[in-house]
Amino acid sequence: MPAVVIIGAQWGDEGKGKATDLLAGRIDYVVKFNGGNNAGHTVVVGDEKYALHLLPSGILTEGVTPVIANGVVIDIEVLFGELTALSARGVDVSKLLISANAHVITQYHRTMDKVTERFLGKRQIGTTGRGIGPAYADKINRVGIRMQDLFDENILRQKVEGALNVKNHLLVKVYNRRAITVDEVVEELLSYADRLRPMVVDTGLVLHQALERGETVLFEGGQATMLDVDHGTYPFVTSSSATSGGAATGSGIGPNRIDRVIGIVKAYTTRVGSGPFPTELFDESGEFLRKTGFEFGTTTGRPRRCGWYDAPIARYTARVNGVTDFVMTKLDVLTGLESIPVCVAYDVDGVRVDEVPVSQSDFHHAKPIYENLPGWSEDITGARTFDDLPKNAQDYVLAIEAMSGARISAIGVGPGRDAIVVRHDLLD
Ligand code: GDP
Ligand code: IMO
Ligand code: MG
């Protein structure tokens, strides 16, 4: 089973980091293929808690080679900060490989992110403010800076000049900010070059060779399907391809290499930032999920919007990504509820709609149609097999599996590395 993709099946923070960590002992390479330090993955190993942003979660497992592939945008200062902090905690980061084609997030991207959000006013996206959107915009606009440019001062200077040309007019004349000089950007980027040089390689070739040798490569998606720039709730999305197709374009392997696509879902739903969210709760049930599930962002600390499980979204995700297996996390958070509503379809202007509506306006005011499933009160955090779960928890999983378009192969029952019930081997 050589190439496996993990993707978020909702709006992010489903527990992708934990799912990656679960598999990491059996893989040779772990690849981040999209996004940047907008991601936040919390992984709990024993008493230790790690918050990863730019580095793939698989870095926590000894022996795995972590790769930051071409589809990622890299804030180098953040990268060095994470590497130093992990090293100080005894994690071996020496094997990290970075694509020469990955794009760089610079100070002007961070600035543009913040000022454009401010100018959007009520229509703001609620970005993480990390410069992600502006860095991808430059990439598509063909004025981006790539990792390889850091090793050629001449080229770097020309590219920074090109990138700042129009931006400085905007910053000064529209956004009322100071102009950014070419020198300050070039100087900063050049100061990183020596430390980066040994890590920057042709990662597409490295991964191809690994797959040819029959080694196992895990592609770890950041963000999620509903935040994908093509398939998510545009414009309330991130700027990268967070779906399984992004694993191919974002890393330089062929799509026919991918054997398995694992979608991560929470047993309920959360979202950070603006945009439609049909099952969102504004009452004490939402507060219960936020409190019990510790639903506060790993990256920005913002309280996450919380709601019930949405089966049409899972079906949509299964379709868009070709999900072969779901991992459902945080089932333990639902313990203690008498009954648990699950969204099975939407009511759009009085008409029942079974799938995610194609029109964003319809999705904005879609009302969930709920089915109530019986809850359970037993503590499930110690469950390790499906039979250990109380009957109603088993039935909740089975009901959701029947609605969601792929089998649920593992179930999270707590934040720790071992707190998982495996029903089907994810790599087999
Ligand atoms: P990611 O961005 O998809 O990697 O997810 P985050 O790390 O942002 O958010 C998931 C949170 O849920 C983390 O704090 C995890 O430690 C936690 N978590 C993951 N799986 C479970 C689970 O099965 N039960 C509980 N209670 N917490 C979990
Ligand atoms: P992980 O990998 C949840 C959201 C932001 C905002 C929108 C655009 O931890 O699941 P951006 O800064 O990317 O331009 O913001 O996307 N967002 C996330 N929400 N989890 C994430 O990552 C996210 N990364 C971005 O809140 O609504
Ligand atoms: Mg997260």
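Ligands are counted one by one from 1 in listed order, and the atoms in each one are counted from 1 as well.
When non-hydrogen atoms are compared, ligand 1 lies under 4.0 Å from neither the backbone nor the side chain of Gln223. Contacts with ligand 2 closer than 4.0 Å are made by backbone heavy atoms (N, CA, C, O) of Trp11 only, the side chain lying farther away.
Among protein heavy atoms, the minimum distance from atom 17 (N) of ligand 2 is reached at Leu227 CD1, 3.8 Å. At the top of the distance list for atom 9 (O) of ligand 1, counting protein heavy atoms only, stands Asp13 O, 3.6 Å. Scanning all protein heavy atoms for the shortest distance to atom 19 (C) of ligand 1 gives Lys18 CD, 3.8 Å. The protein heavy-atom contact nearest to atom 2 (O) of ligand 1 is Gly40 O, 2.8 Å. Among all protein heavy atoms, the one lying closest to atom 22 (C) of ligand 1 is Gly414 O, 3.1 Å. Of all protein heavy atoms, the one lying nearest to atom 27 (N) of ligand 1 is Lys330 CE, 3.3 Å.
Looking at Thr329, Val272, Val327, Asp332, it is Asp332 that brings a heavy atom closest to atom 24 (N) of ligand 1. Across Ile6, Thr42, Thr335, Ile7, heavy-atom proximity to atom 14 (O) of ligand 1 is greatest for Thr42. The closest non-hydrogen atom to atom 4 (O) of ligand 1, taken over Gln10, His53, His41, comes from His41.
In terms of N/O distances under 3.5 Å, ligand 2 is not approached by Val237. Distances between N or O atoms of Ser239 and those of ligand 2 include no value under 3.5 Å. Backbone and side-chain nitrogen or oxygen atoms of Ser274 are examined, and none is located within less than 3.5 angstrom of a nitrogen or oxygen of ligand 2. For the pair Gln223 and ligand 2, the shortest N or O to N or O distance falls below 3.5 Å. Polar contact with ligand 2: absent for Asp113 (N/O pair, distance under 3.5 Å). Geometrically, ligand 2 and Lys16 share a nitrogen or oxygen pair separated by less than 3.5 Å. Annotation: Gly12 places no N or O atom under 3.5 Å from an N or O atom of ligand 2; distance criterion only. The shortest N or O to N or O distance between Thr128 and ligand 2 is below 3.5 Å.
Comment: Glu117 does not engage Lys114 in a salt bridge, judged by the lack of any side-chain N to carboxylate O separation of less than 4.0 angstrom. Under the 4.0 Å criterion applied to side-chain N and carboxylate O atoms, Arg315 and Glu355 are assigned as salt-bridge partners.
Asp387 and Thr385 share no donor-acceptor pair across their side chains, judged by distance under 3.5 Å alone. Inspection of the Asp379 and Thr381 side chains reveals an N or O donor paired with an N or O acceptor under 3.5 Å.
Nearest N/O/S atom of Asp13 relative to the Mg ion (ligand 3): this is OD1.
A distance-only check finds no donor-acceptor pair linking the side chain of Glu220 to the backbone of Gly17 [under 3.5 Å].
Taking every non-hydrogen atom of Gly17 and a distance limit under 4.0 Å, the qualifying atoms of ligand 1 come out as 4 (O).
At a cut-off of 2.8 Å, Gly297 is not counted among the residues with an N, O or S atom near the Mg ion (ligand 3).
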